[in-house]
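Shown next, in structure tokens, is the structure this report addresses.
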Amino acid sequence: MGLAEIKNNGLQEIAQAKDLKALASIRVALLGRKSEMTRFLRSLSQRTESERRLAGEEANQVKAQVSKALEIKKQELLEEATQTAVASEKIDISQPGQKVVRGHLHPITLVRRDVERIFSSMGFQSLEGPEIETEWYNFDALNIPRNHPARDLQDTFWIERKSDSHDSYLLRTHTSPMQIRFMEKHEPPFRIISPGRVFRNEATDMTHEFQLHQVEGLMVDRDISLAHLKGVLEFFFSEFIGSGTPVKFSADYFPFTEPSVGVHVNWKGKWLEVAGAGMVNQNVFKAVDYVPRDWQGFAFGMGLDRLTMLRYGIDDIRHFTQGDLRFLKQF
Amino acid sequence: MKFSYNWLKDYVGLKETPQTVAEALTIRTAEVDDSKTTEEDTIFDIDILPNRGDLMSHQGLARELGLIFKAKLKNIDTRVEESDQSAEDLLKIEVKEKDLCPRYATRIIQGAKIGPAPDWLKVRLESVGLRSINLVVDVTNFVMLELGQPLHAFDLEKIADRKIIVRFAKKGERIKILDEQKTAVALSEEMLIIADAKEPIAIAGIKGGWDTGVTQKTQTIVLEGAVFDRASVRATAKNLDLRTDASMRFSYGVNPDMTEKALNRAAKLIVELGGGQVLRGLVESYPAPAKSWLVRLDFEYFKSLTGIDIPIKEATGILEGLFGSEQIKFSDQTWEVLVTPERSDIQTPEDLIEEIARIYGYDEIKSRPPVVSLYQEKKFAWQEEPMRASLKDGDLWDTRDTIQATQRIKDSLKLLGLSEIYSYSFISDQERNAFRFGQSVAVINPVAEQYKFLRANLLPGLLRAALENQKNFKEFGLFEIGRVFKQEGTEIKEKRELAGLFFSSQSEQEVFFTLKGYLEAFLEQLGLADYQFEEGGLAPSFHPGKHALIQINGQSIGEQGILNPKIILALNIKQKGNFALFRFDLSRLIDELKDEVEFQPLSRYPAVTRDIAVLVDNSIRVADILNQIQAVDQEGIIEDVDVFDIFEDNPNLEMGKKSVAFHVIYRSSERTLTDVEVRELDKEIKTALEANLQAQIR
């Protein structure tokens, strides 16, 4: 067969190829080892050198044309096949996804992180203290002497001592001992928060637990006032609850602050008391050997359990300690 | 404490509605818990703050309302007509404990008819929840609710030798108290009592005795009004579990200046309503009459501490309203306030600041936003190993770094599918024994017996949670981070721990290795790739044959294992699947975290993988095989060995043998490896395994 015939037949076959598979066989038939083209090239060995060169060039041209035609046809067929696939294939996307095991953090951890993040943005450093405390740190140094009625407000778990030591140990009833521990070792100015677990010896129900979590705040400098306290808390609650959350103070009493205030926020249209606060009582500064009235500062304490219940609408505080995954998986 | 709105209006010209009153009190004075309105009256239930003993009466609260609403106060008539007969002829008083009883006063009334009280008086008492008993008792209660001074009435004829002694109880003394059951109360020596010549007739500040109480037959009434030490009354009431209206008021503090007024008021009412006469004079012991004291307040200090910009005149007005204008002086921008005993809570300038600020209104505080940029954040210096400090050292524990590391750890575990629990810090005696905690930290007054001890590790709480969750879930992982407590000799140590468990219906072995896989991923994620699992065996919580110590740089920082079957037995646990547990000493884990992760450059050369399968004795550990391979690799071109198949106890295998198959991945960071050198190493590995572990290459 001559080159022209090879070419014409080839291009015709290519044009008629139905699918990619057919096209692949055509390629082998046209250009493969057993093809007319190969046979033609082999037959050239009997020709003269110049004839060979001429025919060779021609053959290469035909080869290139055929290859190009194959390529174009392939592209055409691919597009056709894709078109068909897109038009006809469909999966049921309503089938469930492959199950992936997901872990969960405790909601109080989530809220605590948020609290730490917001105070950190105001330069408050976070630190923790011991859960077993001495009577001195938990009460006396905080201006709560023995038989003070304020002690009735905080029913205390006392720890059995294995020594004759006079100082009594207890499970801290609030995070306020960290005020003392911190100030004993540091001079103002500073601003800190201290989150952690606290204990109250009382019966449990939907709103009471004998183990709770608080965050304490303390900022001391030369000229700190209730106005700074309000500013810090307003910023905190506008971050924590929502921009512009109103904060108001009410009269309150804590032995370790004077003046003392209750902190209320407007949460979904209701005023709720969410923290206790005030200006650090000078007796507390005396307990840590600061010169009285050299310094002014505010302190506050908030219940993390309560903030968590409010944020997520949890109705029963006992969920926090039950470890029930049906509860935890919601966070 | 309950207050009647109508009753309050007897003492102050209130125009405000009960609702306005409740709202104002809540913001400025004390929280009004509850307001109950009926056709006639509104009853407030108010949480009087512990420093405001002066508010434990209708007159006291009325004064506060007068101040808040700028309303006029009405006087209470306490003038009393006396007979010629001197009261002192009839009664002697001796106070032995003057510190605990700074004032003890009585009035004597003769010939009053002790019938029922008139209706208006009953209505007052009943409106705030008291029962009417008889005229005298009702009047004493009325005056207590009116003026805040608790009063008690004795029948003079029943007081032995007509002598009243205020002293400590003697060992073994008892008293039948004035309640419906005539309860006999055993007294102890630190309790202050009122006695006659023979025996106790009242528990000071708490409750009178039955035998000396007033009855319809009583001819001569001794009205007692006294002031007792707050702490002493509080302690006795607590010890006897006997909290009364009187004891509550004494605990909050009673104004000694009120005692005489209250006695006069009560005597006047009894005679007006029941007839009879009031004898001349008080019989009393009041060796050191209470004095007023001076408190100074600088105006600048007020502004500096509150940030409130109040006009001086307004502040002075508030102080005058509180203490009386004759008690206030103002000069050089400083107030001098002469405080009367009624306000024993006002001792310092800050106390005065609070008074002015709350009455003026905390709403007047213009908040000042915190200016972070002006504040140089300090990095505080901490002890080297703060978390391991014992309580005695009194150190601060956690730095910000530890808190951040803890967050990272929690996030890693969460990513692996574990969920965080918070369990009780308390455990039962049974749990303590089952986990063999030995000497444990115990609570003297547990909330319940099952919470008597503090946990020495977190495993009991995790186990509890797992047993609950196995009811609803077939497979889960839990973890907790918390404090654990150990009694070491006389010292108590508090540490931080991380622990967790994996529960599944898989076989015990599968559960163990699933958890191990989690922990390996966890450690790698934290950048602690140098961990090793070494055989443990000695921890009481774990099965001795299924226990691994997790080590870094040869130091154990944690452990993993199957729960010791003895614990399952001791706690009678019904398990629906298998548990594997782990725990870490959190401080040590965090110490290890401090090293930053170091980036390893990626090799540009291809890896070559060869598979090897060997048959070895069951006793040969996978770690032994890996060690042999590692020993062969002098040049460090084995990138990884990946065990992909282990099977034992298979009928196709020789008894006591197991088959282990693994990919060995070779790669150099410097060149393309040749077939020859890989083949060489592969041969060396096989030879070493054959020679040293008697392995058969399959």
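All of these numbers come straight from a predicted model, not from anything done at the bench. In what follows, chains are A, B, ... by sequence order, proteins preceding strands, each numbered from 1.
Residue A/His104 holds its NE2 atom at 13.0 Å from CZ of B/Phe476, rounded to the nearest 0.5 Å. Rounding to the nearest 0.5 angstrom, the gap separating the NZ atom in B/Lys471 from the CG atom in A/Asp324 is 9.0 Å. The distance from atom CZ of B/Phe485 to atom OH of A/Tyr169, rounded to the nearest 0.5 Å, is 13.0 Å. Atom-to-atom distance recorded for A/Arg113:CZ and B/Thr406:OG1 is 9.5 Å, nearest 0.5 angstrom. Residue A/Leu226 holds its CG atom at 13.0 Å from CD of B/Glu364, rounded to the nearest 0.5 Å.
The neighbour count for A/Arg318 CZ, taken as heavy atoms of other residues, nucleotides or ligands under 6.0 Å away, is above 12.
B/Ser440 touches chain A through its backbone: at least one of N, CA, C or O sits under 4.5 Å from a heavy atom, while the side chain does not. Looking at A/Phe298, there are no atoms closer than 4.5 Å to chain B (heavy atoms on both sides), in backbone or side chain. Using a 4.5 Å cut-off between heavy atoms, B/Asn472 contacts chain A through its side chain alone, with no backbone atom that close. Only the backbone of A/Glu202 has a heavy atom closer than 4.5 Å to any heavy atom of chain B. Heavy-atom distances place no part of B/Glu355 under 4.5 Å from chain A, backbone and side chain included. Contacts of B/Asn469 with chain A are made by side-chain atoms alone, with heavy-atom separations under 4.5 Å and no backbone atom involved. Interface residue B/Val443: backbone and side-chain heavy atoms are both found under 4.5 Å from chain A. Heavy-atom distances place both the backbone and the side chain of A/Arg326 under 4.5 Å from chain B. Proximity to chain A (any heavy atom under 4.5 Å) is restricted, for B/Phe473, to the side chain, taken from C-beta onward. Using a 4.5 Å cut-off between heavy atoms, B/Asp345 makes no contact with chain A at all. Contacts of A/Phe320 with chain B are made by backbone atoms alone, with heavy-atom separations under 4.5 Å and no side-chain atom involved. At a 4.5 Å heavy-atom cutoff, the contact between B/Leu478 and chain A is made by side-chain atoms alone. For A/Leu328, the part lying under 4.5 angstrom from a heavy atom of chain B is the side chain only. For B/Lys366, the part sitting under 4.5 Å from any heavy atom of chain A is the backbone (N, CA, C, O) and nothing else. Both the backbone and the side chain of B/Ile365 come within contact range of chain A, with heavy atoms under 4.5 Å apart. When heavy atoms are compared at a cutoff of 4.5 Å, A/Arg200 does not approach chain B at all. Interface residue B/Ser251: only backbone heavy atoms are found under 4.5 Å from chain A. Residue B/Thr29 touches chain A through its backbone alone, counting heavy-atom pairs closer than 4.5 Å. Contact of A/Glu258 with chain B is made through backbone and side chain together, with heavy-atom distances under 4.5 Å.
With a 4.5 Å cut-off on side-chain heavy atoms, B/Glu354 and A/Tyr253 do not count as touching. Between B/Leu305 and A/Pro259 there is a side-chain heavy-atom pair separated by less than 4.5 Å. Counting heavy atoms from C-beta outward, A/Ile132 and B/Leu454 have side chains that approach closer than 4.5 Å. You'll find the side chain of B/Glu350 stays beyond 4.5 Å of the side chain of A/Asn281, heavy atoms only. Side chains of A/Gln322 and B/Tyr424 form a contact here, defined as non-hydrogen atoms less than 4.5 Å apart. Considering only heavy atoms from C-beta on, A/Phe249 stays 4.5 Å or farther from B/Arg358 through its side chain.
Here the closest non-hydrogen pair linking A/Ser126 and B/Ile403 is OG-CD1, 3.4 Å. Annotation for A/Gln211 and B/Ser423: closest pair NE2-O, 2.9 Å, computed over non-hydrogen atoms. When all heavy atoms of B/Gly307 and A/Ala227 are compared, the closest pair comes out as CA-CB, 4.2 Å. Minimum interatomic distance between B/Ile27 and A/Lys248 (heavy atoms only, all atoms of both residues): CD1-CE, 3.5 Å. Shortest non-hydrogen contact noted between A/Gly129 and B/Arg483 is O-NH1, 2.8 Å. Between B/Gln487 and A/Glu160 the shortest heavy-atom distance is OE1-O, 4.5 Å.
Of the listed residues A/Arg197, A/Arg102, A/Arg146, the one with more heavy-atom pairs under 4.5 angstrom with chain B than any other is A/Arg197. The residue among B/Ser232, B/Pro349, B/Gly482, B/Gly417 with the most heavy atom pairs within less than 4.5 Å of chain A is B/Gly417. Ranked by non-hydrogen atom pairs under 4.5 Å with chain A, the options B/Tyr252, B/Tyr422, B/Tyr362 are led by B/Tyr422. Between chain B and the residues A/Thr204, A/Leu105, A/Val247, the most heavy-atom pairs under 4.5 angstrom are made by A/Leu105. The candidate from B/Glu480, B/Lys238, B/Gln407, B/Lys303 with the greatest count of non-hydrogen atom pairs under 4.5 Å with chain A is B/Gln407. Interface check for chain B: of the options A/Gly323, A/Pro195, A/Ser225, A/Gly297, the most heavy-atom pairs under 4.5 Å are formed by A/Ser225. No other option in B/Ala465, B/Pro446, B/Pro50 has as many heavy-atom pairs under 4.5 Å with chain A as B/Pro50. Of the listed residues B/Lys410, B/Arg464, B/Arg28, the one with more heavy-atom pairs under 4.5 angstrom with chain A than any other is B/Lys410. The residue among B/Asp351, B/Val441, B/Ile421 with the most heavy atom pairs within less than 4.5 Å of chain A is B/Asp351. Ranking A/Thr156, A/Val101, A/Ile159 against chain B, the residue ahead of the rest is A/Ile159, based on heavy-atom pairs under 4.5 Å. If you tally non-hydrogen atom pairs under 4.5 Å between each of A/Ser260, A/Ala203, A/Gly278, A/Pro145 and chain B, the highest count goes to A/Ser260. Taking A/Val100, A/Asp252, A/Ile180 one by one and counting their heavy-atom pairs under 4.5 Å with chain B, the maximum is reached by A/Asp252.
Every residue two or more places apart in sequence or in another chain was checked for a ring pair (Phe, Tyr, Trp, His ring centres under 6.0 Å) with B/Phe302, and none qualifies. A/Phe331 meets the ring pair (Phe, Tyr, Trp, His ring centres under 6.0 Å) test with A/Tyr312, A/Phe327; sequence neighbours excluded.
The residues A/Arg293 and B/Asp298 are annotated as not salt-bridged, no charged nitrogen and carboxylate oxygen being separated by less than 4.0 angstrom.
Between B/Phe426 and A/Phe210, the ring-plane angle classifies as perpendicular under the 30° and 60° cut-offs.
With 3.5 Å as the limit, one finds no donor-acceptor pair spanning the side chains of A/Gln282 and B/Thr348.
Under a 3.5 Å cut-off, the side chain of B/Glu494 and the backbone N or O of A/Glu131 do form a donor-acceptor pair.
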